[in-house]
Amino acid sequence: MISQIPDDTRRLLLIACTVTALVAGALGAFAAQSVRPSCSYVVFSLGSGPEQEEAMERGYWQAVGSGDCAPPHARWQFWRG
């Protein structure tokens with residue numbers, strides 16, 4: 001059956017399927033990324049650069065633990081409406 005399809009049509013079909021698979025994979029990877037919902041918390045840090053980042057990360061997880069912030073979740077969960 002496939003051998004009866006002209007070469008040009010077969011090539012276009014292969015390209016269309018490949019592009020569709022790549023787009024679906026990219027969208028799936030984007031949708032599965034972990035994101036943090038909007039949240040406000042206060043962190044006091046006298047360090048700089050990596051020390052501040054670490055303090056901010058600890059502060060976020062403390063806020064999550066105390067129930068003040070929601071934990072991170074997959075990006076696609078925002079799409080459900």
| So do H73 and P37 actually touch side chain to side chain, heavy atoms under 4.5 Å? | yes
| request: Applying side-chain hydrogen bond (donor to acceptor under 3.5 Å, both in side chains), name anything that partners S66, two or more places apart in sequence or on another chain. | output: D68
| field | Point-to-point distance, once rounded to the nearest 0.5 Å, from OH of Y41 to CD of Q62 | value | 10.0 Å
| request: With sequence neighbours excluded, tell me which residues meet side-chain hydrogen bond (donor to acceptor under 3.5 Å, both in side chains) with E54. | output: R58
| query | Going hydrophobic residue to hydrophobic residue with side-chain gaps under 4.5 angstrom, can you get from V43 over to V64? | reply | yes
| query | Is there side-chain contact between C69 and W61, with at least one heavy-atom pair below 4.5 Å? | reply | no
Could you give the side-chain donor-acceptor pairs of residues 12-32 under 3.5 Å, partners two or more places apart or in another chain?
| residue | atom | partner | partner atom | Å |
| --- | --- | --- | --- | --- |
| T18 | OG1 | L14 | O | 2.8 |
| T20 | OG1 | A16 | O | 2.8 |

